[in-house]
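Just so it is clear, the values below take in all heavy atoms, side chains as well, and ignore hydrogens, waters and symmetry mates.
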Amino acid sequence: MLLTAHSSATTLPRGRQAAKLLVQVFVSPFQASLQRVAPARISRARPARVVYVAGAYGDFMERERKTNADITSIRGEVESAMAAVKARLSQAASGAGSLSLQRDPALAAQAERLKAKLKNAISIMQEGLVERDAEVRLLLLAAMAGEHILLIGPPGTAKSEIGRRLNSLVDGTYFERLLTRFSVPEELFGPLSMRALENDEYIRQVDGYLPTAEVAFIDEIFKANSAILNTLLTLINERLFDNGNKRTTVPLISMVGASNELPESEELDALYDRFLVRRQVRQVSPAGVAQMLTYYSGSEAVAAAASRAAGGGSGSVYGSTGVDPSLRLTRQDIVRCKAAALASVRVPQSVIQLVTDLRIHLQERFEPPVYVSDRRLVKSIQLLQVAAYCNGRDIVTEYDCLLLQHVLWQRPEQSDRIHDWIISQLSIDDGLKQVQYLLGGLFSRACRSLGNAEKLADIKAEVSALVQLLSDKYQQVAGNLSNGFPVVLDNLWLGGEESAAVATALEPKLVKTRAAVEQVLYDVLTLEVALKFGSDPVTLANLMPRQWADFIRNSDIGDVKPIGTTPLAGVSRKP
């Protein structure tokens with residue numbers, strides 16, 4: 001090549017000649033053509049120019065080696081961090097997962113015992129009932145949350161039977177009444193005391209009536225007239241009863257209301273809103289009819305089992321069955337459940353956002369709009385906390401929100417639409433798109449803040465928080481897939497058919513979500529480790545080329561020049 005033929009090149013030391021020889025490898029075809037066209041111009045090149053190029057190339061190679069070494073080290077540490085996340089997933093699969101109650105070992109053990117008792121109670125309460133799985137579970141959930149349940153359906157669909165079984169389970173004082181348009185307050189709250197009237201006192205004899213009941217079943221509850229309504233509202237919601245000039249606390253755990261029809265007058269709206277859990281009870285299907293008739297036409301042993309399930313003659317749903325006493329659900333378990341749940345179960349922002357979006361959807365996009373009161377919304381969150389606690393978890397998941405299909409509807413046909421909307425929200429992951437956007441912003445800020453220790457410290461803290469968020473998300477998604485969707489299939493409050501259908505609908509999407517979360521988590525971990533290493537712009541560009549390209553494409557020239565990089569050619573800058 002021409003550079004080696006230059007007459008002054010022989011004056012260079014041996015090492016510099018070797019470096020100069022390396023330079024000729026990088027001579028472009030265009031430069032080579034210039035040699036042939038204008039050799040005289042090239043022959044006038046000064047030795048200093050050749051020595052300068054060789055030295056610059058040596059520095060470049062040294063920087064290249066250092067950058068490659070840094071990239072290898074950073075990627076190795078990122079791989080180790082990802083392996084640690086997956087190792088925690090393996091621990092979760094063996095029972096030490098982040099979704100279990102593990103803040104307090106005693107509390108965790110108590111929750112596990114409660115879950116075992118609830119499984120046993122559900123099994124016993126369902127005995128002899130056909131296609132009433134969801135009703136039994138919701139009835140028990142309402143009782144555990146200290147709330148009331150409304151059953152709407154035609155006569156003869158076992159609404160009253162379900163209510164009586166709750167009383168047999170609690171083994172407490174029970175009150176049952178059928179209301180008509182002519183019902184008077186004395187039928188619910190007790191007769192006036194004649195002796196008290198002689199002393200000018202308006203006091204009722206409440207023993208054996210609603211103010212002393214722990215479980216109540218009120219049939220045709222929307223037949224309540226205005227004389228009953230106000231007292232009933234206070235008793236149901238505040239658990240208070242005004243008897244004369246004294247206000248007393250009532251022991252009511254849960255009221256089961258039943259009706260063949262929805263309320264028609266506006267004055268009943270307040271009463272309707274007091275029933276947090278609502279369920280439409282349908283007739284048994286043709287396949288279920290055959291099962292029901294077969295069951296009740298069976299042997300005397302079957303009939304005796306059905307009698308025990310109904311609490312016949314025993315006062316307790318357990319009766320004389322050989323149930324381990326340690327597995328029997330007690331009144332104390334029910335009374336203490338809600339307080340323990342509210343104290344130990346947290347509600348993540350993702351669940352709060354989902355419930356908020358659902359309320360907006362119901363009130364703005366449903367036709368007709370579905371009104372959801374603030375009280376109902378707050379109690380819905382508390383119900384989800386109780387549901388999670390009974391399942392042995394210290395956090396509410398988005399899948400628990402499936403229960404809201406039994407809480408937020410005004411008309412029965414809206415329940416399925418709410419269910420479909422929640423499933424659609426569980427099948428998409430807008431939150432992941434927001435995380436990707438946040439990652440891009442953090443990367444851009446990191447590039448602009450190189451050399452500023454104070455700003456980089458703030459960015460490192462934000463990146464670490466994002467790593468934790470994505471790790472939790474990955475644990476949840478990957479854990480559901482690897483463990484057979486336990487948060488759905490092992491959910492006390494979802495029936496077997498319903499939970500299987502939900503798992504089948506969500507599994508394909510979750511496979512894609514897991515891969516996407518893993519990729520974003522890898523990128524965020526890369527940025528975290530790179531900032532810890534104090535990486536320069538070149539290293540960042542090699543580690544995260546997509547984020548780097550977005551940074552260059554969307555940045556002003558003033559932001560890019562200080563770090564020694566020019567914008568991409570032909571790409572317009574943001575205004």
is_close_aromatic(Phe217, Phe175), centroid dist under 6.0 Å: no

Arg278 NZ/CZ over Tyr272 ring centroid, <6.0 Å and within 45° of normal: yes

Polar side-chain atom of Arg346 near backbone of Val396 as donor-acceptor pair, under 3.5 Å: no

Under-4.0 Å salt bridge between Glu147 and Lys338: yes

SB check Glu220 Lys223 (cutoff 4.0 Å): yes

Asp273 bridged to Lys379 by N-O distance under 4.0 Å: no

Rounded distance (nearest 0.5 Å) linking atom CG of Leu402 with atom CH2 of Trp493: 15.0 Å

Val347 and its side-chain contact (heavy atoms from CB on, under 4.5 Å) partner, picked from Thr397, Ile381, Ile395: Ile381

Side chain Arg239, main chain Ile253, donor-acceptor under 3.5 Å: yes

Within-4.5 Å side-chain heavy-atom neighbours: Glu238 and Val250: no

Geometric cation-pi criterion, Arg417 with Phe366: 6.0 Å, 45°: yes

Whether Arg279 side chain and Ile149 backbone form a donor-acceptor pair below 3.5 Å: no

